[in-house]
Protein chains: 2
Amino acid sequence: MDKFKQFLKQIASITDKEFDDTLSYFVEQNLKKGDFLIKQGKVCRQIAFIVKGTLRTYYFDDKAKEITACFCTENNLTTSYKSFILQEPSNLALQAIEDTQLLVIDYENLQKLYAKSTIWQTIGRTVAEREYIVMEKYASVLNNESAKEKYLRLLKEQPNVVQKSSVEDIASYLGVTRRTLSRIRKEISQS
Amino acid sequence: MDKFKQFLKQIASITDKEFDDTLSYFVEQNLKKGDFLIKQGKVCRQIAFIVKGTLRTYYFDDKAKEITACFCTENNLTTSYKSFILQEPSNLALQAIEDTQLLVIDYENLQKLYAKSTIWQTIGRTVAEREYIVMEKYASVLNNESAKEKYLRLLKEQPNVVQKSSVEDIASYLGVTRRTLSRIRKEISQS
DNA sequence: TGATTTTGAGGACATTTGTCCTTTTATAAT
DNA sequence: ATTATAAAAGGACAAATGTCCTCAAAATCA
């Protein structure tokens, strides 16, 4: 609960009172490893703050290959954002890769917060802006870095994720094949 | 002017009066081919609606290679978004690749709009959400498509851009080398 | 117009990455 | 513990892409 308050304070200058007034709009939810927060094809109706744990999001590309879109970690928000924004069926699935504890708000409640509170309008915009910045960074990495550079970056920025995930999932996140990732790992272990 | 109103109406239900009250916050600006809207290293203080024309945005990657980040076309917004959001020096430059006509709002005026009008809060959030969705799509293309697929997609989605831009710029946008793009073009012309 | 510079096409070869497969190792189930 | 199953490593070869370079065409400038 306190972690979430800290998270929000770092986004906008929300007062303790505003925060307390808000909490009733959220519900706690726990996922076991392997559980889904959101499944493909359903309209995503939640945004969740990850108190503890990790989720992987994935979709299927044009060639029906499963692609990891993102690893979502503690102290961040997670959702199938496009589906949530447009309230259209989600092409993303969100699955817990370990036991996970969430604070969840649904679409209606968030709209209520937007309607009644300026600070929440600001939070909503700022969250979208930040998600944009993260995605822009990801795109530039995909555009400009080699397989090895991308893997080393992930290793540096999200070492826990590398630990907890399968080679397959990491490879598709980096836009390379298992074979390539295997080569890279060997190279690294030898140097 | 009317194009801009249409653009906004499609984002949020802004009334004619609200729109008229807003217009004084914007200024018209014209760029000649080659002119910069924003230069690297400066804090970006504007968001612009492109009434007519095209801009290219670019940056230099870790290896000091110039990379085209985006081709911005008529009836869309353009800005160095990250720099604008964080009010930090821009790594992007925005340059007109043909004579271009803009409607520009600066940072202070936008903050004023946010402060005084709920509809502008909604517009601000919705714009950020849309930019996110565009960037997410771009990332998935970069992650999953071959050089040829990416080029064919650009050709389909932004044929004018392909016409107006150099091979170099298109290649870096697609994350490939000139040589690769040259091969693809030959292949296409032969089929 | 003629000279100069920039841009695009493409040859030759190197490197990276992918495909298909087998072997090895780790994990789970009985 | 033993067997069955799934995941990772890696061999052999193919395809895609990059590097470096030259030449021709196009654009620009004097």
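Numbers restart at 1 for each chain; the letters A, B, ... are given by sequence-line order, proteins then strands.
Within the 4.5 Å cutoff, the side chain of A/Asp61 has no heavy atoms near those of the B/Ser140 side chain. Inter-residue side-chain proximity for A/Ile38 and A/Leu92 is flagged as unmet; no heavy-atom pair is nearer than 4.5 Å. Side-chain contact between B/Leu31 and B/Leu102: present, with at least one pair of heavy atoms (C-beta onward) separated by less than 4.5 Å. Counting heavy atoms from C-beta on, the side chains of A/Tyr132 and B/Met135 come closer than 4.5 Å. You'll find the side chain of B/Val104 stays beyond 4.5 Å of the side chain of B/Ile47, heavy atoms only.
A heavy atom closer than 4.0 Å to some atom of DNA chain D occurs in B/Arg179, B/Thr180, B/Arg183, these being the qualifying members of residues 178-191 of chain B. For residues 141-166 of chain B, proximity to DNA chain D is found at B/Ser146, B/Ala147, defined as any non-hydrogen atom under 4.0 angstrom from a strand atom.
Rounding to whole angstrom units, CD of residue A/Glu66 and P of D/dA7 are separated by 11 Å.
For A/Tyr58 and A/Phe71, the gap between ring centers reaches or exceeds 6.0 Å.
A cation-pi geometry, defined here as NZ or CZ lying under 6.0 Å from the six-membered ring centre and within 45° of its normal, holds between B/Arg125 and A/Tyr114.
Not counting sequence neighbours, A/Phe36 has no partner by the ring pair (Phe, Tyr, Trp, His ring centres under 6.0 Å) test.
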